[in-house]
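What follows is a set of notes on a single structure, which appears directly below.
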Amino acid sequence: MIDFKENIDKLYSMMDNCNICPRKCGVNRNKGQQGLCKTGNKIFVASINVHTGEEPPISASNGSGTIFFSNCTLNCVFCQNYPISQLGNGKEISLDSLVGSILDLQKRGVHNINFVTPSHYSAQIAKAVYIAKQRGLVIPIVYNCSGYENVETLQLLEGIVDIYLPDIKYASDEIAFKYSKVKNYVQANQIALKEMKRQVGDLTVDQNGVAKKGIIVRHLVLPGNINNTKNTLKFISEELSINTYVSLMSQYHPAYKSNEFKELSHSLSLQEYNEAVDYLEILKLRNGWIQNL
Ligand code: SF4
């Protein structure tokens, strides 16, 4: 039996000496100090709206109720949303207002509440969902994250999150450090994804194809890094499951500081994306989605 109140308290106390994510900055966020994610004890949100462009079981017919948080625990040079993740665009909202927004989105008929870039706000999200459930929230919760997660944080989110939608950005720490200035991405990411899988299993949908529970793994194919993609897919097939739903994304475009790296300064080629798609087939990863280039 999960004691949600106790888990929420534990999440908040992790911010005393912050180790909410694997950066483990050690700052006291409850007193307003900020670590690498530039986030103290206030909540900043960049947008709240109905999103129709997520994977089909997430957006489905009525859309996904998306709450997009400001700032991020990673510093990816190619971030496609850098004004929000790196420049901190967004406005402050209270926890009460977050609860109200969740319930408003549900009233608008969305299929789920989709927290985007949620990791540094895990405690506040858990509390807001707990309160919203007491006030009538019944639709699934989606945790749409970078995959750079502290497994202890995830364990405290068990029963709060229904659908995990993590990235696997890298299968190499060398590349992770080069592009995202992070030293332990691969180990943290792989342990985190196994924990997500343990909690919610493979994706399940209702009779209309709408996601109810499970994990969907996203991977953005980076130009000039096909081996990173192949090793990522290998991890999924060998250590998660060949039934895993994989969203193989081709939408990379040079953004933020990507021009500092020659291989990232242009879009993905059709040849590279096709090679990634072929590799899905070689590994028999047949669940999920590919995109048009
Ligand atoms: S959540 Fe922010 S302050 Fe806490 S460990 Fe991660 S980056 Fe550091």
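Ligands are counted one by one from 1 in listed order, and the atoms in each one are counted from 1 as well.
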Taking only heavy atoms of Gly35, which atoms of ligand 1 are found under 4.0 Å from at least one of them?
-> 3 (S)

Under-4.0 Å salt bridge between Lys10 and Glu152 = no

Nearest heavy atoms of Met15 and Asn30, plus distance in Å = CE-OD1, 3.4 Å

Considering only heavy atoms from C-beta outward, does the side chain of Leu157 approach that of Leu11 to under 4.5 Å?
-> yes

Cys18 backbone or side-chain N/O/S under 2.8 Å from atom 4 (Fe) of ligand 1 = yes

Considering only the protein, which heavy-atom contact is closest to atom 2 (Fe) of ligand 1, and what is its distance?
-> Cys37 SG, 2.3 Å

Between Arg29 and ligand 1, which part of the residue brings a heavy atom under 4.0 Å of the ligand: side chain, backbone, both or neither?
-> side chain

Numbering as shown, the atoms of ligand 1 that approach Lys24 to under 4.0 Å (heavy-atom distance) = 5 (S)

Does a side chain donor of either Ser64 or Glu54 reach within less than 3.5 Å of an acceptor in the other side chain?
-> no

Candidate list Asn75, Asn228, Asn225, test side chain to side chain donor-acceptor pair (under 3.5 Å), partner Tyr179, passing option = Asn225

heavy-atom search around atom 6 (Fe) of ligand 1 in the protein gives Cys21 SG, 2.3 Å

Kindly assign one of parallel, tilted or perpendicular to the pair Tyr185 and Tyr148, based on the angle between their ring planes and the thresholds 30° and 60°.
-> parallel

Taking both backbone and side chain into account, is any N, O or S atom of Cys25 nearer than 2.8 Å to atom 8 (Fe) of ligand 1?
-> yes

